[in-house]
Amino acid sequence: MNDPGAFRRPDAAALTRMRSDGSHPEFSVVIPAFNEASGLADFHTRLRAVMDPLGSWEAIYVDDGSTDATRAVIDAIRGTDGRAAVLALSRNFGKEIATTAGLDHASGDAVIVIDADLQDPPEVIPELVAAWRQGFDMVNAQRRVREGETPLKRLTAKLFYRLMRHAGPVKLPTDTGDFRLMSRRVVDAIGQLRERHRFMKGLFAWVGFPTTTVFFDRAPRHAGETKWNYWRLWNLALEGITSFTVVPLKLATYLGLIVALISVLYAAEVIVKTLILGNTVAGYPSLMTVVLFLGGVQLVTLGVIGEYLGRIFNETKYRPLYLVERYEPSRE
Ligand code: UDP
Ligand code: MG
């Protein structure tokens, strides 16, 4: 019964990533795509121009349950370029899981993860590859400026990174997205992390190995629309915090202690006052304040516990991370 593998077994798809003749390209480029029909053809043209001089490569387009023509566009790309693979998931699983699915199917010695919307310029890839050839296992692409983003989004991103840096055991690099290059051993390591709540930036940081950073300028979105609104960003932040730290649980404990201490002091005051002034009925407002405050603290604390409990609930089901509807590997 003591088989940890039973709980962390990679999805079966991970075992079928080699081509039928057993060969594999030097580079795999993993591209999660959700409703990206409008820009994907341009993307592939630019990717091809960048990758061709580097060596043998494949592009794994992960269709994350798109509802537009993304699948048809990928198939059209495959019609003209045998190095493109299509991995269609059975529904929209979200970028993090789509990326994981792509990594599971990547066979390259180095794997590059890049957004389909051309916000991560493919032209940076040669620099990532150069760093990999120097011996780095993980090459983060860090954006120098966040163009086309509101000051509020920039501020909230900054606050989040600062919080994560101080709260958790792993140090998240600032301003790095998922755009990066990983060596085979890093990809294999990440493949072993099968948790359902996937905060990819955290997972990338967790595996460690020699890491370096390449800087680039992030462009505004090329076509289509961002799928991130503040609600989704908030949930991503929550995911990051609850996946990598238990600080909120500790905070709840200390908050409870402080409130208990204050109420003991307050009780002492009430007792002393009653002894000196006799039994007065005054104090309704302060009573209400205390009752409401304590009620609020308790609800918040329960909510924090609930966030963790919900995640434990999801993890214990051991469902596969994703389901593949169609997978066709690259042909050359
Ligand atoms: N994406 C995905 N599944 C989703 C949402 C997004 O695969 O549910 C892909 C999307 O197609 C793009 C990348 O993830 O290639 C980044 O998405 P987006 O541009 O919306 O995010 P942002 O650049 O604002 O972080
Ligand atoms: Mg984008």
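First listed ligand is number 1; within each ligand, the first listed atom is number 1.
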Tell me whether the rings of Tyr322 and Phe93 are parallel (<30°), tilted (30 to 60°) or perpendicular (>60°).
perpendicular

I need the atoms of ligand 1 closer than 4.0 Å to a non-hydrogen atom of Asn92, numbered in the order shown.
3 (N), 4 (C), 8 (O)

Distance only, no hydrogens: is a donor on one side chain within 3.5 Å (strictly under) of an acceptor on the other, for Trp57 and Asp52?
yes

Of all the atoms in ligand 1, which lie at a distance below 4.0 Å from a heavy atom belonging to Ala116?
15 (O)

With respect to Asp188, which candidate in Gln192, Arg184, Arg185 satisfies the side-chain hydrogen bond (donor to acceptor under 3.5 Å, both in side chains) definition?
Arg184

Provide the number and element of each atom of ligand 1 under 4.0 Å from a heavy atom of Asp115.
13 (C), 15 (O), 16 (C), 23 (O)

Consider every N or O of Ala98 and every N or O of ligand 1, then say whether any pair is closer than 3.5 Å.
no

Under a 4.0 angstrom heavy-atom cut-off, which atoms of ligand 1 come close to Ala33?
7 (O), 11 (O)

Verify the distance criterion only: is there a donor paired with an acceptor across the side chains of Ser28 and Glu58 at less than 3.5 Å?
yes

Using the Mg ion (ligand 2) as the apex, give the angle to atoms OD2 (Asp117) and OE1 (Gln119), rounded to 10 degrees.
100°

Please compare Phe93, Phe34, Phe43 and report which has the shortest non-hydrogen distance to atom 5 (C) of ligand 1.
Phe34

Enumerate the atoms of ligand 1 whose separation from the nearest heavy atom of Asp64 is less than 4.0 angstrom.
2 (C), 3 (N), 4 (C), 7 (O), 8 (O)

Salt bridge between Asp64 and Lys95, side-chain N to carboxylate O under 4.0 Å?
no

Partner of Asn35 under side-chain hydrogen bond (donor to acceptor under 3.5 Å, both in side chains), picked from Thr70, Asp63, Thr67, is Thr67

Run the numbers for me: atoms of ligand 1, each under 4.0 Å from some heavy atom of Gln119, listed by number.
19 (O), 22 (P), 23 (O)

With a 4.5 Å cut-off on side-chain heavy atoms, are Asp117 and Phe43 touching?
no

Provide the number and element of each atom of ligand 1 under 4.0 Å from a heavy atom of Glu36.
10 (C), 11 (O), 12 (C), 15 (O)

